[in-house]
Amino acid sequence: MHRWSKLFIPTLREAPADAEVASHKFLLRSGYIRQLGAGIYNYLPLGQRSLNKIIAIVREEMDKIGQEFYLPGILPKELWVESGRWSVMGENMFRLKDRKGAELCLGMTHEEIVTSMARSELRSYKQLPQIWYQIQTKFRDEPRPKAGLLRVRQFMMKDSYSFDINMAGLDKSYDLHDATYRHIFTRCGLKFVAVEADSGAMGGSRSQEFMVYTDAGEDLIASCPVCGYAANLDKAVSRLEPLDEMVATGGGMPELVATPGCAAIADVAAFFKISPASDIKCVAYMALKRGTGAKKGGTEDTWHGVATFLRGDHQVNEIKLLGAIGASEARTMQAEELTQYMNAPAGYLGPVALDPEKNPLGEGLTVVVDKSLEGRRNMVCGANKLDYHLRNVTPGRDFDWTLLADIRSVNEGEACPTVGENGVNCSGKLVVGKAVEVGHIFKLGYKYTESMGARVLDENGKEVMPIMGCYGIGIERILTAAIESSNDANGFWLPASIAPFTVVVSVTNTADTALRETGERLAEELETEGLDVLLDDRDERAGVKFKDADLVGIPYRINVGKKAATGQAELVTRQTSSSVDVALSEVAVLVKEKVREELLLGEA
RNA sequence: CGGGGAGUGGCUCAGCCUGGUAGAGCACCUGGUUCGGGACCAGGGGGUCGGAGGUUCAAAUCCUCUCUCCCCGACCA
């Protein structure tokens, strides 16, 4: 039996000033964690117990579909050079040298490692499929760690990797993970949504994120309340309503108009008395193209000018932009660069008379036009001349581009993009909300098996590349998300499945021997029933024990106090702060019943 | 990396502008009184004021450099 008096649970009355988000404050105040450096934390006994419970659930579910490995956290450079990611990962990768000067890195993900294992061990289609997983510490030198355990530089991840003989096999492995993740998050008591996601640096064709809505989250999700469509804002699309075009003036061809001082979209719209939707906005970027890696004859990283054009009321989504042009980084142009590439000042940039590069990221200017401009007519845009705009501008007729692509973020209130099987548009309007990512599954494809040369023989004896998937779960993020979604002024409550203890027995006055013994007996009884029980046997006033109990995330509390004289105790449910008097003899059974109900809900 | 803020006992902060004996509350230790929602009284311990250099008779305070942490923007579990 665990006694509060013996455990190290350093609760704080006040949160350190550094903490801003709820989970960060409460993790510190409840004695779950302590900070060691930016994005580096000590996990204290209570935090560790909770994380261990999460890990146990993850392991139990993953064992149903895969096999557990434990791969090293310190990795040789060579494998990463082979895949090309030694350079791609950039500064996010912790790098070090050994005593011989050989270069190593700390593992931030393990595709290279499992692929190296696969290529040396897998020989035949008969060995496929394989699903390999591990639960292990990852290291990522985040540019900006933040919000307690939400974004850190060292964290635990369940990562798994699937190898299949063909796409149908990958589909199956992917679906297995999809289903397994849903079980895991449900058992952890999370209310989550699965959304379409961008594949990012991982590469690959399809991916889905598992998100928990919370204002502390860093991701934006667009979702439709009608049909259930949900996607990361970096991926989400919408159906735009048709617009009334402006009536052409004069001969209907582009006309130069003096617009002194009208640099902002709002100014231009007001000047022409038009909606911002009829203005063409320009955002000019410098985009970074990474070298393709030493193995492929390696080139230097290079910067390229990219001009993007979209509706005045739309925002560029840089993730979409990077994906469209095949760049890995982008920043907006400086004034000198605007002069160099467009010979115009900010506020008056326009697409007319530019000379678009044929291929993205060539020597000249890459011009990317958002799809929403396709088919539009008689718009207003900058004239690439200070204090002048053009009107009657029609995309395609008056200017050309390198690339026409979806590069904008959808706005809340736009129409849901879903089209039913009967061809009818969904009637829903998109809503945008913040969320934290707790899991991510990818169809990787052949990226690693190809670059690293993994081959097996198929049933015809022909050499083929296995196809891969990769799948991650952030262990600490499950805890963080749970706290974010279940807290109040006094603390937080966790689902019984992941709480450090299921129930705390608070003896209101330990100086009273009879009371203390009653508490001891009750705690033993609860333990006999298989519950994880913590006995608060500290020589503290009742108020202190109640405050602490409310703070630390334990879902049930039993007060052993005055009423013990009449054979009763109080059972307090933390989530609702509701309390019922229960006969001492029935407490254990009742708590067990409540926990079982809760767990069954988790299974459903 | 760019922009903003902060480093003073374990925690929250005051003191800095205007240089002159380092403070408060909470926490901790001892004794006593208390004992169902973070008790009270008395006594006590604990800080080279992030670090280095400089100005000065004298620096927490002024100047320079530096380190660390937090927040806002580009990455991801």
Side-chain angles (χ1 to χ4, degrees), chain A residues 10-21 24 28-29 34-40 58 88-93 108-109 135-138 140-159 181 197-202 207 209-212 217-219 232 234 285 287-288 316-319 321-322 328-332 334 436-442 470-481 490-491 506-512 515 539-551 557 559-564 570 572 577 579:
Chain A
T11 58
L12 300 173
R13 191 182 289 236
E14 290 170 284
D18 286 349
E20 291 215 341
V21 304
H24 188 194
L28 287 167
R29 283 192 57 201
R34 286 292 185 265
Q35 182 170 30
L36 193 60
I40 308 175
V58 170
V88 170
M89 287 307 191
E91 304 220 286
N92 266 23
M93 182 181 258
M108 50 196 299
T109 177
I135 298 165
Q136 191 226 30
T137 301
K138 297 283 186 269
R140 297 184 183 178
D141 194 0
E142 292 289 338
R144 195 156 86 83
K146 59 186 274 203
L149 293 188
L150 212 55
R151 170 154 237 87
V152 289
R153 297 195 291 172
Q154 171 179 337
F155 62 97
M156 288 184 279
M157 179 157 86
K158 186 292 298 174
D159 48 324
Y181 276 34
D198 180 72
S199 305
M202 292 294 179
S207 82
E209 289 168 333
F210 293 85
M211 315 290 294
V212 177
E218 301 177 273
D219 289 87
N232 193 300
D234 296 334
Y285 290 93
L288 181 70
V316 176
N317 184 298
E318 294 187 9
I319 301 292
L321 174 64
L322 293 175
S328 57
E329 255 178 62
R331 59 166 177 81
T332 50
Q334 312 280 318
V436 58
E437 180 183 0
V438 292
H440 202 158
I441 58 180
F442 293 88
C470 72
Y471 319 87
I473 289 179
I475 301 295
E476 290 92 334
R477 284 217 179 148
I478 292 180
L479 174 60
T480 311
N490 295 321
S506 300
V507 178
T508 57
N509 184 357
T510 45
D512 182 332
L515 216 52
D539 180 19
E540 290 284 356
R541 295 163 65 87
V544 172
K545 296 185 183 185
F546 294 162
K547 287 286 184 187
D548 271 344
D550 284 347
L551 175 62
R557 177 173 98 228
N559 294 337
V560 176
K562 292 173 187 164
K563 295 170 189 163
E570 288 162 357
V572 182
S577 295
S579 152

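Residue numbers begin at 1 in each chain, while the letters A, B, ... track the order of the sequences.
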Taking B:A74, B:C76, B:C35 as options, the one with an atom nearest any side-chain atom of A:Pro143 is B:A74
Counting the atoms with a prime plus P, OP1 and OP2 as sugar-phosphate, which does A:Arg557 contact under 4.0 Å by heavy atoms, base, sugar-phosphate, or nothing? base
Counting side-chain heavy atoms from C-beta on, which of B:A27, B:C70, B:A77 comes nearest to A:Arg13? B:A27
Taking B:G51 as the reference, what is the distance to B:C11 when you measure between their P atoms (whole Å, please)? 15 Å
Do A:Lys547 and A:Thr11 come close enough that some side-chain heavy atom pair is under 4.5 Å? no
Determine the contact category for A:Asn490: base if any of its heavy atoms lies under 4.0 Å from a base atom, sugar-phosphate if only primed atoms, P, OP1 or OP2 are that close, otherwise nothing. nothing
On a whole-Å scale, what distance lies between the C1' atoms belonging to B:G46 and B:A27? 12 Å
Compare the minimum distances between each of B:C72, B:C75, B:G37 and the side chain of A:Arg144, then state the nucleotide with the smallest one. B:C72
Regarding the side chain of A:Arg541, the nearest nucleotide among B:C69, B:G36, B:C35 is B:C35
Regarding the side chain of A:Lys146, the nearest nucleotide among B:A77, B:A27, B:C72 is B:C72
Separation of B:G4 atom C1' from A:Glu20 atom CD, nearest Å, is 12 Å
Applying a 4.0 Å non-hydrogen cut-off, can you work out what A:Glu570 is touching in the nucleic acid: base, sugar-phosphate, or nothing? base
Which is true for A:Val152 with a 4.0 Å heavy-atom rule: it touches a base, it touches only sugar-phosphate, or it touches nothing? base
Re B:A42: Watson-Crick or G-U wobble partner, both distances kept under 3.5 Å, found to be B:U30
Reckon A:Leu36 touches a base, only the sugar-phosphate, or nothing at all at heavy-atom distances under 4.0 Å? nothing
Under 4.0 Å between any heavy atoms, over every strand shown, what does A:Ala15 touch: base, sugar-phosphate, or nothing? Just pick one. sugar-phosphate
Grab the CD-P distance between A:Glu142 and B:G73 for me, whole Å please. 15 Å
With sugar-phosphate meaning primed atoms plus P, OP1 and OP2, does A:Asp159 contact a base, only sugar-phosphate, or nothing at under 4.0 Å between heavy atoms? nothing
Test item: A:Glu91 side-chain N/O and A:Asp141 main-chain N/O as donor-acceptor pair under 3.5 Å: no
Inter-residue atom distance A:Arg140.CZ - A:Gln154.CD, 0.5 Å rounding: 12.5 Å
Base, sugar-phosphate or nothing for A:Asp512? Non-hydrogen atoms, less than 4.0 Å. nothing
When all nucleic acid strands are considered with a 4.0 Å heavy-atom cut-off, which category describes A:Val544: base, sugar-phosphate, or nothing? base
Once you apply the 3.5 Å cut-off to both distances, tell me the Watson-Crick or G-U wobble partner of B:C17, or none. none
Separation of the P atoms in B:A22 and B:U12, to the nearest angstrom: 24 Å
On a whole-Å scale, what distance lies between the C1' atoms belonging to B:G50 and B:A6? 11 Å
Nearest to the A:Leu551 side chain among B:G36, B:G38, B:U12, which nucleotide is it? B:G38
Using purine N1 to pyrimidine N3 plus N6-O4 or O6-N4 for Watson-Crick, or N1-O2 and O6-N3 for G-U wobble, both under 3.5 Å, which nucleotide pairs with B:C11? B:G25
Just checking A:Ala481: base, sugar-phosphate only, or nothing, at a heavy-atom cut-off of under 4.0 Å? nothing
Between B:C75, B:U34, B:G36, which nucleotide has the shortest distance from any of its atoms to the side chain of A:Asn92? B:C75
Quick check for you: among B:G37, B:C69, B:C26, whose closest atom lies nearest to any side-chain atom of A:Ala38? B:C69
Could you let me know what B:C65 is paired to, Watson-Crick or G-U wobble, both distances under 3.5 Å, or none if it's on its own? B:G51
Without swapping roles, check the side chain of A:Arg153 against the backbone of A:Glu142 for a donor-acceptor pair under 3.5 Å. no
Considering only atom C1', compute the distance from B:C1 to B:C16 and round it to an integer number of Å. 31 Å
Given B:C76, B:C75, B:G38, the nucleotide with the shortest approach to the side chain of A:Lys547: B:G38
Is a side-chain donor or acceptor of A:Lys545 paired with a backbone partner of A:Thr508 at a separation under 3.5 angstrom? no
Taking only the C1' atom of each, what is the distance from B:C17 to B:A60 in whole angstrom? 14 Å
Ring-face cation contact, A:Phe546 with A:Arg557, 6.0 Å cut, 45° max: yes
Could you work out the separation of B:C49 and B:G54 based on their P atoms and round it to a whole Å? 16 Å
Start with the C-alpha distance between A:Val436 and A:Thr480, add both sets of side-chain angles, then the distance that settles side-chain contact (heavy atoms from CB on, under 4.5 Å), and finish with yes or no. CA-CA 9 Å; A:Val436 58; A:Thr480 311; over 6 Å; no
Considering every strand and a 4.0 Å limit on heavy-atom distances, what is the contact class for A:Gly439: base, sugar-phosphate, or nothing? sugar-phosphate
Show your reasoning for whether side-chain contact (heavy atoms from CB on, under 4.5 Å) applies to A:Phe210 and A:Ile441. CA-CA 8 Å; A:Phe210 293 85; A:Ile441 58 180; 4.0 Å; yes
It should be established whether A:Gln35 places a side-chain nitrogen or oxygen under 4.0 Å from OP1 or OP2 of nucleotide B:C70. yes
Pi stacking test for A:Phe546 and B:G38: under 5.5 Å apart, planes under 30°: no
So what's B:G2 paired with, Watson-Crick or G-U wobble, going by both distances under 3.5 Å? B:C72
Minimum-distance nucleotide (side-chain atoms of A:Met157 versus B:A77, B:G36, B:A74): B:A77
Rounded to whole angstrom, note down the P distance from B:U55 over to B:C71. 38 Å
